[in-house]
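Take a look at the structure set out below.
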Amino acid sequence: MNKELTCNQVSALISFYIKGKLNPKLKEYVDLHLAKCPMCRKKINDLTNILGKYQNTSKPTPQEQENTDSLGYEFKNRLSAYVDNELNSRENIMMKKMTISNPTARKELESMYRFQKVIGNAYNKTKNDFKYDYSKEILHKLQDGKEYTTNYFYKIMILFTALLITIIGGFLYLYF
């Protein structure tokens, strides 16, 4: 397999790369591309920063909880679920009251909605632009270690058919 990945291929593998779910060989290929491509490197850094901000859902230590800002731990922990309409009615009302009464909470909520819109638009653009699933192809090639396709089957079948016709033609020529 060619060790040079395209930007489209790296874009298809970004989520696996960030989560650390690529096999070592494929990760090496992505790293080689990132070393050469500042646009893909920036895209991965930006996405990692955004995800890092919203994925930290572990319980804070008592000292960390004292140092949280005015929004509070519960609000930040439930913000993503609120945006995705995953809260029960009581929690939903609590979040609405909090966003109405707290300007900082409103800003955080607006930021979350913008983030959701950007991710949704990027997903739809990628889905529409790239009908081809590069990640599946790359993983398949790496697992097999070979790049056999059905084209080889057809080529072999054509050669076999030509050989068979030649043999049959030779017998017909000799006996008739």
Looking at [atom1] of [X] and [atom2] of [Y], how far apart are the two atoms once the value is rounded to the nearest 0.5 Å?
X	Y	atom1	atom2	answer
Leu26	Leu13	CG	CG	5.0 Å
Ile156	Thr161	CD1	OG1	11.5 Å
Ile18	Thr48	CD1	OG1	4.0 Å
Met98	Thr104	CE	OG1	9.5 Å
Leu5	Glu28	CG	CD	10.5 Å

If you look only at distance, which donor and acceptor atoms sit under 3.5 Å apart when one is on a side chain in residues 162-176 and the other is two or more places apart or in another chain?
residue, atom, partner, partner atom, Å
Thr166, OG1, Ala162, O, 2.7

Sequence-distant partners of [X], side-chain contact (heavy atoms from CB on, under 4.5 Å), two or more places apart:
X	result
Lys107	none
Lys27	Tyr17, Leu22, Asp31
Glu91	Arg78, Leu87, Asn88
Cys37	Cys7, His33, Met39, Cys40

Is any side-chain heavy atom of [X] closer than 4.5 Å to a side-chain heavy atom of [Y]?
X	Y	value
Lys96	Asn92	yes
Met112	Tyr82	no
Tyr29	Val10	no

With sequence neighbours excluded, residues passing side chain to side chain donor-acceptor pair (under 3.5 Å) with Lys42 = Asp46

Check Gln9 against Glu4 and note the closest heavy-atom contact, atom names and distance.
-> OE1-O, 4.2 Å

